[in-house]
Colleague: 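The structure follows.
In this chain, numbering begins with 1 at the start of the sequence shown. Values below: all heavy atoms of this structure, side chains included; hydrogens, waters and symmetry mates excluded. As the structure lists them, so they are numbered: ligands from 1, and atoms in each ligand from 1.
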Amino acid sequence: MPAPVNRLKQALADGKQTIGCWLVLGDSYAAEIAASAGFDWCVIDNEHAPNDLRSTLAQLQALSQTHNQAPNQTPVSAVVRPPIGKTHILKQFLDIGCQSFVVPMVESAAQAAELVRATRYPPDGMRGVGASTARASNFNAHADYLHTANDQICLFVQVESRAGLAALPDILAVDGVDGVFIGPSDLSADLGYLGNPHAPAVVTAIDGALDAIAESGKASGIFAVDPVDAERYLARGVSFVAVASDINSMTTALRQTASRFRQ
Ligand code: 3PY
Ligand code: MG
């Protein structure tokens, strides 16, 4: 049996637009709720959320449960954002069964190429071989896992700095990079507008980057939990839009309810 088909990679290759939820509560119960809400994918964030390998594993397991899918709904795809794009860290997430990644702070084609290699077995890359004891191969039930795993990896690299923007054409030319994801918060900070991702200069930089990604034929992605932003980016054709986060939804709903009954 081969590695599981990566539905997210397939959808993006088919030119579909997808929406997703950022999981920052670090909690498998919350992941299970998000899994049935109707998103195409959920990102388990290890960069800015209190996650580790075991909490990520629990959330991958929660997302892979089919009982929590709404009727007629395609199962949600799991994506991991590692804290940093290091080979040994990616290796651990790969072995617990993650096939899709959004890697933060990528600033050169060399760095992007290194990430491609980190997520592929030889001869295409340098992923270490331990799948026979790993959830990724369903504990060796996927007998063809080693020879089919590379084709099912979906890799987004994050461009979120001036250096990343300057290197964008070269990054887009790297084989094995499926898409480029813009991080408006870090990008605005590096452009001199900390906390103001709607500054005109930031919006212009983001639009220019999205145009370049679209021209390359690769998938584009962006973090846009403000619905006005999300609608704008979806109308522009962005293919991987983070339209929600578990914490954002929870704080908004709880604060609204508290304020309504406190009056
Ligand atoms: C950013 O906005 O900097 C991001 O990384 C989005 O998660
Ligand atoms: Mg960022």
Colleague: Which ligand 1 atoms does P184 reach within 4.0 Å, using its non-hydrogen atoms?
Modeller: 1 (C), 2 (O)

Colleague: Any N or O on F223 sitting closer than 3.5 Å to an N or O of ligand 1?
Modeller: no

Colleague: Checking the N or O distance criterion of under 3.5 Å, is ligand 1 in contact with E160?
Modeller: yes

Colleague: Below 3.5 angstrom, do we get any N/O pair linking D186 and ligand 1?
Modeller: yes

Colleague: Which of the atoms of ligand 1 are close to Q158, meaning less than 4.0 Å from one of its heavy atoms?
Modeller: 4 (C), 5 (O)

Colleague: Do the side-chain N and O atoms of W41 and S100 include a donor-acceptor pair separated by under 3.5 angstrom?
Modeller: no

Colleague: Tell me the nearest of P197, A224, G183 to atom 1 (C) of ligand 1, using heavy-atom distances.
Modeller: G183

Colleague: Is a donor on one side and an acceptor on the other found under 3.5 Å between the side chain of D27 and the backbone of Y29?
Modeller: yes

Colleague: Got I89 and I84 here, is their nearest side-chain heavy-atom distance under 4.5 Å?
Modeller: yes

Colleague: Verify ring-ring contact (aromatic ring centres under 6.0 Å, His included) between F240 and F156, making sure each step is shown before the conclusion.
Modeller: CA-CA 10 Å; F240 181 89; F156 270 92; 4.3 Å; yes

Colleague: Could you establish whether H48 and ligand 1 come within less than 4.0 Å of each other, counting only heavy atoms on the residue side?
Modeller: no

Colleague: Specify which N/O/S atom of D186 comes nearest to the Mg ion (ligand 2), by atom name.
Modeller: OD2

Colleague: Mind checking whether the Mg ion (ligand 2) has an N, O or S of E160 under 2.8 Å?
Modeller: yes

Colleague: Can you check whether S239's main-chain N or O pairs, donor with acceptor, with K16's side chain at less than 3.5 Å?
Modeller: no

Colleague: Can you pull out the closest protein heavy atom to atom 7 (O) of ligand 1? Residue, atom name and distance to 0.1 Å, please.
Modeller: R81 NH1, 3.1 Å

Colleague: Which of the numbered atoms in ligand 1 are below 4.0 angstrom from a heavy atom of S185?
Modeller: 1 (C), 2 (O), 3 (O)

Colleague: Under 3.5 Å, is there a donor on one side chain and an acceptor on the other for T148 and D144?
Modeller: no

Colleague: So L165 and L187, do their side chains get closer than 4.5 Å, heavy atoms only?
Modeller: yes

